[in-house]
Protein chains: 4
Amino acid sequence: MSASTASPVRLTALDAPGQPTPSPELEDLYRGFERELLVPLWTEIGDLMPASPRPQAVAHRWRWAGLVELARRSGALVPVGRGGERRAIALANPGLGGAPFATPTLWAAIQYLNPREDAPVHRHTQHAFRFVVEGEGVWTVVDGDPVAMRRGDFLLTPGWSFHGHHNQAEVPMAWLDGLDIPFVHYTGSTFFEFGPEEVNDRSTPARSRAERLWSHPGLRPVALPGSRPSSPIAAYRWEHTDAALADQLALEVEGHPGVVEPGHAAVRYTNPTTGGDVMPTIRAEMHRLRPGVRTATRREVGSAVWQVFDGAGRVRVGEQEWAVERGDLVVVPSWAPLTLTADTRLDLFRFADTPIFERLYADRVQLEGAPR
Amino acid sequence: MSASTASPVRLTALDAPGQPTPSPELEDLYRGFERELLVPLWTEIGDLMPASPRPQAVAHRWRWAGLVELARRSGALVPVGRGGERRAIALANPGLGGAPFATPTLWAAIQYLNPREDAPVHRHTQHAFRFVVEGEGVWTVVDGDPVAMRRGDFLLTPGWSFHGHHNQAEVPMAWLDGLDIPFVHYTGSTFFEFGPEEVNDRSTPARSRAERLWSHPGLRPVALPGSRPSSPIAAYRWEHTDAALADQLALEVEGHPGVVEPGHAAVRYTNPTTGGDVMPTIRAEMHRLRPGVRTATRREVGSAVWQVFDGAGRVRVGEQEWAVERGDLVVVPSWAPLTLTADTRLDLFRFADTPIFERLYADRVQLEGAPR
Amino acid sequence: MSASTASPVRLTALDAPGQPTPSPELEDLYRGFERELLVPLWTEIGDLMPASPRPQAVAHRWRWAGLVELARRSGALVPVGRGGERRAIALANPGLGGAPFATPTLWAAIQYLNPREDAPVHRHTQHAFRFVVEGEGVWTVVDGDPVAMRRGDFLLTPGWSFHGHHNQAEVPMAWLDGLDIPFVHYTGSTFFEFGPEEVNDRSTPARSRAERLWSHPGLRPVALPGSRPSSPIAAYRWEHTDAALADQLALEVEGHPGVVEPGHAAVRYTNPTTGGDVMPTIRAEMHRLRPGVRTATRREVGSAVWQVFDGAGRVRVGEQEWAVERGDLVVVPSWAPLTLTADTRLDLFRFADTPIFERLYADRVQLEGAPR
Amino acid sequence: MSASTASPVRLTALDAPGQPTPSPELEDLYRGFERELLVPLWTEIGDLMPASPRPQAVAHRWRWAGLVELARRSGALVPVGRGGERRAIALANPGLGGAPFATPTLWAAIQYLNPREDAPVHRHTQHAFRFVVEGEGVWTVVDGDPVAMRRGDFLLTPGWSFHGHHNQAEVPMAWLDGLDIPFVHYTGSTFFEFGPEEVNDRSTPARSRAERLWSHPGLRPVALPGSRPSSPIAAYRWEHTDAALADQLALEVEGHPGVVEPGHAAVRYTNPTTGGDVMPTIRAEMHRLRPGVRTATRREVGSAVWQVFDGAGRVRVGEQEWAVERGDLVVVPSWAPLTLTADTRLDLFRFADTPIFERLYADRVQLEGAPR
């Protein structure tokens, strides 16, 4: 992993509590460990087992304007085709040694498609979504079902679904891609297959077939029973998300429960066949803060990426605070204390790896001042 | 239970296969069984363990017009108040000895409220719903949340929710009540409590608070996590149900899956926190047949009640076939072969006890001609 | 169901609270209900929806000695063969109108097999078990696997398993059969098939193949993954049950948790593929009370049958108390308050329908003096 | 993570399919990515999304004799106490850059305790087990419950249980520790707390209290209901494991199912409250091969560690084959083809991270020659 845990056995550890007295014999023993591909716990335990998570990833903000500018330049220089597959540019967390990983588990990238351009069809075990902070005109075709992409929409490509994209507009389009690439890479569970060079259905319906079957509230097709690992809803449209957030804030005004905390509404995108998260490794939510609201400080096991959908405000993670506006992204490492402040009405999209921890009974949350 | 399984040990059974030779000693033995409150299996097994279900309930049709007429007369003679609780008149299956049970597990009744009339608040462990085949103007107040009732709506009152109704219209209103009263009665699991004499919130919003929190497709409030035994959606509105059925039939025309069988669309009402049935004991669905469609014949473990929401057609159960039109009800016993025929476009509401069998791994379905 | 809920609409109900004023028009209305196969709620609600369960079944005790005597006489007069299938004599709850039902959901019978006698092979959807209070020498062959029956053993025949029995001893053997026949009968979910006339494997191993695969604590065959509706353990042997109870009482002496209450140890038979109950509708347990112990009074939704395995004591249900000794059976209806008293060390086998209620979220328990 | 995925954007990737034409503008773009902490997908996709898993970890064998010798020398030089916590020496996979990780998710170490020595009490969210390949005399005290450690036993310390060890013997003892340290480290979900300096219960019972409550086959205490994330069985004793394996092989001889494949028996250690794996992240099994048996070649998503418990044979992973004997360890990376060959009767302990993948629906298995 990182240098800090690499052999040879570190001399610096010798000063740590509970360490053996240095001696030629000890040095000889440590060299024996190295020859035999062994590392003692006693020199590493401080790094491996701190009192609370000390992730290698760090908090960081990326400006959307900067991402778009580099994506635009890539649009001029980099073709989209078989081999490269996607014109996607990923956030590389400064704590993760240059790897294209927003966090140890999550990938976040801007993807960019020129007018009339196609991204070829493939599939992979990594779970993916798109979130559209601006623009429209691209259809992503998921297992043969064309799904329109429009501002505010959250779109799913669950693992092992064939998918390609095509831009039907006269202008480029950029959006946020979220995947569990780092987690799948780290755990060695990736499979990948090419599909046809071109998307097979270039029709441009306003609603996908998946939505027509599955996006009626509380209803499901009798002919399609059972639960599924991932949501069958290909697109969660902004009109519904916006209405749900507005309803929560209106209920708050009327004195009824629903919001997360005062002035803070939030909805989770769910799999209607289970009521749980949209995909096995990824949680996705939309939050809305009233102007002037400051959230309680919250720590959570697992990492997250936030993107401003609308409005302006500030994101504080530990000792750092960043001003953010439309499209800006902030990465929040595991257990880092997070506080959001809304300067205007502030809508924020969030995705996180929480389902991994919940399924393994390793989730924890701590609110400031609250007992753990 | 019924006379057919009652002691004294039946002489008729003596001719059945595997019976002992009659003798004074046998007669004496049988009288000994009676004295000791015992019954032998060998005389009863034919009734208790037939090759396939032979339910005591029978298929039957009730005309909505007749129900409404008797309900209207009840409206003039029978007050609604504490003690009687509800002006509800239940289907009494002719096979069940006069008990007010549509099937061994399900209750189906017409409930009727005069203008400006109230039904007092109470709660019970029985799960209940309302389905509105015509009219509007009543609000049912469920745990303090006023829920408007309008034609085509399906409304929930899960077990142990306080609920009362009040009619705000200048005309009476009648609707279908469905509950699991017979099942709860038989298994001895009923609890009941009175609430306030009057409903505490007489406001008349178009949407309930429950809908505002939970009826956004694929979205749920972050502040209300976890799964629940029953759906938190208080009302499933007709506009959504109608759109979902229309979408399925349109997809069929376009050559895509979604319908149950050719010309037959169907949606199931679900609990968005689990993806499963709305309440632990009750499944509810809406079906739509194109004009002229005849369904495959289907048997299913468990009993069901169908009500015509719109259109006209025929319902065949075994050797009997009934013409049906708006509001008419047909009860289908367990394992009875059912065929539906649409003379016009035919919309049918259905509720059934299937969740009981699925949760106990006792569900079975057989389609005509298909191997079991 | 019972006479008490049958139409014609009861005049006695007219005095109940909330009833309409008698009049010729009301009488005419009530006759109209009868013609149309309808029953009003307002006359029935007192019976259908009492404040807490008022089951039709009543508490009762059966003496094992009496059962054995009648079974012995049946052994001389009644053959065991195709048609009658089993020489089983069932408890008929005095509250259930003469039906061979211990409770509305549970069947309890003594089964009796003469030396060298066979019971033919069949299968049914009803779930069954055997509990052996005395004797040995019979093998029950479940899906081709011969399972020895010995005092203290609890043996499973999950629904739809082929099974027959054969007595290899020179003496008769009697045991307790428990099934969910009443529940399956009432809900109309029974299927039944004959198997071969004779059991196909007459070998007499001390351990069944099922035990050899599944009765190693905390271990399961890698080749047989997944969860199953019913336990694959064909026989739970007395030596293990006895040891588990002894361990709990020893831990109590040492000051550690494990017992249900002071002096009262209890183990539940479980499905090792889920950790839950042995079969979807039936819970089974063995209890041990130290001499002199009196349990807290307990009510529980659902009905149960208790059989004394060893020792002597008293069983109180509501206002009735019975002395009991080896083999005696007591039926406990839903929500009836139960207290056990041990005059000697007292071992009691218990089975109940609790899994039905738990799976439907309708379970409730109340301990005397504890808030519900 | 590894250098192979680190920025700066790699020139070598420029030759890969689908890459843009090198130019000064492209070079400038790539430098812009670096400045902005971005990495393009198109240069990395070959590493991140291969057709099937290409884990960084490699297969490797460690000789038990070598581990014991180094542990013995550590016993002379390294104290066990607060700070260092444990005298444990971990396998460092040669593909993982010197970190003390057997695989990306699993930790495997030899732990060593001198006569009369203590390891201090602590707890952590990491799940841990011990497997004893030889020796006895240590008690591990888990949440206050002393658990004897003996050859062949598999012992649990689920996450967040306090635990310490003490050696009551006159000779040292060494054993295998398995944990999910690398997974917890990578995902940032570790919590750690010190307990008392000394174990609070130094009694030396043959059976733990946990075993007395939970190690009776198919039985559980009625007083301890519900399911738990981890197994409550503190120790799975060799006598049971051995008997279960012997039973499977005897059943094979008799012509009955149970073994994994001809001559290959295997049992999985399970959580009796769920029927699933012992801990949320770790699967553990014991395998037995008859002399001369060669297993089918198998690939599986997820990594594993095997340790020979008894006998001698060969382990082939891909192109490498190692001779193994008692205590030797082999690490098998994700999706690496594994074949075992028994020269004598060969008993092998195995642990793996499979539960992570099963809970995330990412598990896959491939047998040689079988369609995937």
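Below, read A as the first sequence line, B as the second, and so on, with proteins coming before strands; counting in each chain starts at 1.
With respect to chain A, the highest number of heavy-atom pairs below 4.5 Å among D:Pro53, D:Pro79, D:Gly18 belongs to D:Pro53. Contact tally against chain D (heavy-atom pairs below 4.5 Å) for A:Pro94, A:Pro182, A:Pro280: the top residue is A:Pro280. For the options D:Arg54, D:Gln126, D:Arg82, D:His122, heavy-atom pairs under 4.5 Å to chain A are most numerous at D:Gln126. Contact tally against chain A (heavy-atom pairs below 4.5 Å) for D:Thr125, D:Asp28, D:Asn93, D:Asp353: the top residue is D:Asp28. No other option in A:Thr187, A:Thr105, A:Asp177, A:Ile110 has as many heavy-atom pairs under 4.5 Å with chain D as A:Thr187. The choice from D:Pro355, D:Ser334, D:Ala90 that makes the most heavy-atom pairs within less than 4.5 Å of chain A is D:Ala90. Chain A forms the most heavy-atom pairs under 4.5 Å with one residue out of D:Arg73, D:Met279, D:Glu36, and that residue is D:Arg73. Counting heavy-atom pairs under 4.5 Å between each of D:Ala92, D:Ala57, D:Pro55 and chain A puts D:Ala92 at the top.
In this structure, the side chains of D:Leu48 and A:Phe101 come closer than 4.5 Å at one or more pairs of heavy atoms. Counting heavy atoms from C-beta outward, D:Glu85 and A:Trp42 have side chains that stay 4.5 Å or more apart. A heavy-atom distance below 4.5 Å is not found between the side chains of A:Pro50 and D:Phe192.
With a 4.5 angstrom heavy-atom cutoff, D:Asp363 does not touch chain A via any of its atoms. Residue contact with chain D, scored on non-hydrogen atoms closer than 4.5 Å, is absent for A:Leu106. The parts of A:Ser74 that come within reach of chain D are both its backbone and its side chain, each placing non-hydrogen atoms under 4.5 angstrom from that chain. If you measure heavy-atom distances from A:Gln111 to chain D, you find no contacts under 4.5 Å at all. For chain A, the nearby parts of D:Ile356 are the backbone and the side chain; heavy atoms of each come within less than 4.5 Å. Residue D:Pro333 does not touch chain A at all, counting heavy-atom pairs closer than 4.5 Å. Looking at D:Arg63, there are no atoms closer than 4.5 Å to chain A (heavy atoms on both sides), in backbone or side chain. With a threshold of 4.5 angstrom between heavy atoms, A:Ala109 does not approach chain D through any atom at all. For D:Ser189, the parts sitting under 4.5 Å from any heavy atom of chain A are the backbone and the side chain alike.
Interatomic distance, NE2 of A:His127 versus CG of D:Leu360, reported as 7.5 Å (0.5 Å rounding). Here the straight-line distance linking atom CG of A:Leu77 with atom CD of D:Glu27 works out to 11.5 Å at 0.5 Å rounding. Once rounded to the nearest 0.5 Å, the distance linking NE2 of D:His185 with CE of A:Met49 reads 11.5 Å. Going from atom CG of A:Leu41 over to atom CD1 of D:Ile89 covers 10.0 Å, rounded to the nearest 0.5 Å. Note that the OG atom of A:Ser230 and the OH atom of D:Tyr361 stand 9.0 Å from one another [nearest 0.5 Å]. Distance check: A:Leu29 CG to D:Glu69 CD gives 9.5 Å after rounding to the nearest 0.5 Å.
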Task: Verdict with supporting geometry, D:Val78 and A:Leu26, side-chain contact (heavy atoms from CB on, under 4.5 Å) - done: CA-CA 8 Å; D:Val78 180; A:Leu26 184 70; 4.1 Å; yes
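Judged by distance alone, the side chain of A:Trp62 and the main-chain N or O of D:Leu37 form a donor-acceptor pair under 3.5 Å. Judged by distance alone, with hydrogens and angles left aside, the side-chain atoms of A:Tyr186 form a donor-acceptor pair with the main-chain N or O of D:Pro104 at under 3.5 Å.
Annotation for D:Val301 and A:Gly188: closest pair CG1-O, 4.4 Å, computed over non-hydrogen atoms.
In this structure, A:Arg364 satisfies the cation-pi test against D:Trp160, with its NZ or CZ atom closer than 6.0 Å to the six-membered ring centre and inside 45 degrees of the ring normal.
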